[in-house]
Number of protein chains: 2
Amino acid sequence: MPKQNDSKNVTPSPARRGELLGVAAEVFAAQGYNATTVRKIADEAGMLAGSLYYHFDSKEGILDEILSSFLDELWQGYDEVLAAGLGPRETIEALVTESFREIDRHRAAVAIYQKESRHLAQQERFAYLVESQQKFEKAWLGTLERGVAAQVFRSDLDIRLTYRFVRDTVWVAASWYRPGGQHSPEEIARQYLSMVLDGIAVRI
Amino acid sequence: MPKQNDSKNVTPSPARRGELLGVAAEVFAAQGYNATTVRKIADEAGMLAGSLYYHFDSKEGILDEILSSFLDELWQGYDEVLAAGLGPRETIEALVTESFREIDRHRAAVAIYQKESRHLAQQERFAYLVESQQKFEKAWLGTLERGVAAQVFRSDLDIRLTYRFVRDTVWVAASWYRPGGQHSPEEIARQYLSMVLDGIAVRI
DNA sequence: TAACCTACCAAACACTTGTTAGGGAAGGGA
DNA sequence: TCCCTTCCCTAACAAGTGTTTGGTAGGTTA
């Protein structure tokens, strides 16, 4: 399955492609996918709209490549954590930390994912978004259940509500996070984990 | 300032307008504002695209009315809570509960607000989104600071991080919440507050 | 020098978009 | 009966959309 246009007799350099993908991701994240015109992307990259089609075969293809390469890297990190055989609490800690590192590295892609994944998932081309989301839920929900069984997580909470709570608190951060800001990803992860695990109220 | 088209010699009924606003909000929330065509909205309402312009003067006007009427109602509830003179913890509890009630009543509007407000706020027409967001931050951040001073909230956390944490955990719920589901808004608020205040870990 | 490849431009294409203008059907009030 | 109001339709417009086609400047290779 050719993802780029190697059906034609051209071979764009991966380096330039990478640059353009970065530009496109920034614009998509800022304006939204549908509100972004290919002329705007080209403009931001210092070229004309048609020239983009030397590197990519469609606007949708650009989006596809941004999201799938992000998810590939995400799961590389997640699978490593899940294979480490940690306890439930340590697994959650490692997943959250890894998530904030991904937000740090793929801020734009995460923002796009959050805004668009819901209605993109309905299209066949982006079916992998659904798969990823299911795998995601399995990993997090499973860990939480293990934690409840091991009596390290509270058993008086609706587990699905807890799952959504933890998942969302982590990933929405991409909407305000700016790399090179006051806190490192690890520091943010540490504070978020402290809030999620122990709450923001003073212990009596 | 006429928000509808009363410059022309027509007077659409508020009831029908309300119905159409509801339809439009649902479609906007599901597909995203820019990805939604006025033909799609009209289709969902059982009429043709041009007919919408009997009730509204533009697509943007529809969006404007959805968002502003939601914010109006939101602040009606918030102002009541803030004027009640409650303690910091009770204020947070009341604000969160009120927020979930708003999500219950204006699910679509909240979803639209979350997806689009960031880049809409740049337009002059939607300047009230910025005002609202500032007022919002002032209310929540102020309450959290009061709580830290009164030693009911932890002082070892970055207060801005805490603010974003609480704010986001509450409002993202609109992306998965469905009215008439397993839990009432009040029950969700109760569990969320329990997680935010006391954490999900078992207390040792 | 000649052939070739990379990376872009110029100009157009077909289509979709939000929006408008004029008209008409249904019903109520005079 | 006639008029007026409400609500929608038909048909079109102009602007903007993603995309294609053919061409070309500049470098690399033979």
Can we say B/Asp79 and B/Lys135 salt-bridge, meaning some charged N sits less than 4.0 Å from an Asp/Glu carboxylate O? yes
Show me the donor-acceptor pairs, under 3.5 Å and distance only, between side chains in residues 82-96 of chain A and residues at least two apart or in other chains.
unit_1, atom_1, unit_2, atom_2, d
A/Arg89, NE, A/Glu93, OE2, 3.2
A/Thr91, OG1, A/Leu86, O, 3.4
A/Thr91, OG1, A/Gly87, O, 2.7
A/Thr91, OG1, A/Arg146, NH2, 3.4

Round to a whole Å and report the spacing from CZ of B/Phe56 to C1' of C/dG18. 15 Å
Quick one: list whatever passes salt bridge (Lys or Arg N to Asp or Glu O under 4.0 Å) with B/Arg154, sequence neighbours left out. B/Asp156
Contact letters for nucleotides 21-29 of chain C, in which S counts primed atoms plus P, OP1 and OP2 and B counts the base, heavy atoms under 4.0 Å: ---------
Assess the side chains of A/Asp72 and A/Tyr128: does a donor N or O sit below 3.5 Å from an acceptor N or O? no
A/Met47 atom CE is separated from D/dG18 atom C1', nearest whole Å, by 14 Å
Result for 5'-nearest mapping on DNA chain C, choosing between B/Ser58 and A/Arg16, is A/Arg16
Could you state the atom-to-atom distance from NZ of A/Lys59 to C1' of D/dT17 in whole Å? 9 Å
Considering residues at least two apart in sequence or located in another chain, which fulfil the salt bridge (Lys or Arg N to Asp or Glu O under 4.0 Å) criterion with B/Glu137? B/Arg160
Just N and O in the side chain of B/His55: are any of them under 4.0 Å from OP1 or OP2 of D/dT6? no
Who pairs with A/Tyr177 by side chain to side chain donor-acceptor pair (under 3.5 Å), at least two apart in sequence or on another chain? A/Asp104
Taking CG from A/Leu52 and P from C/dA10, how many angstroms apart are they, rounded to a whole number? 15 Å
Would you say B/Tyr53 places a side-chain N or O within less than 4.0 Å of OP1 or OP2 belonging to C/dT20? no
Residues passing the salt bridge (Lys or Arg N to Asp or Glu O under 4.0 Å) test with B/Arg167, sequence neighbours excluded, are none
Close residues, residues 34-42 of chain A, relative to DNA chain D [heavy-atom separation under 4.0 Å]: A/Thr36, A/Thr37, A/Val38, A/Arg39
With sequence neighbours excluded, what pairs up with A/Tyr113 under the ring-ring contact (aromatic ring centres under 6.0 Å, His included) test? none
Reckon A/Tyr54 has a side-chain N or O less than 4.0 Å from the OP1 or OP2 of C/dA7? yes
When the distance from CG of B/Asp43 to C1' of D/dC9 is rounded to whole Å, what number comes out? 14 Å
Qualifying residues under side chain to side chain donor-acceptor pair (under 3.5 Å), relative to B/Glu187, sequence neighbours excluded: B/Arg190, B/Gln191
Between C1' on C/dA11 and CG on A/Leu48, what's the gap in Å once rounded to a whole number? 11 Å
Take atom CD of B/Glu60 and atom P of C/dT19, then tell me their distance rounded to the nearest Å. 8 Å
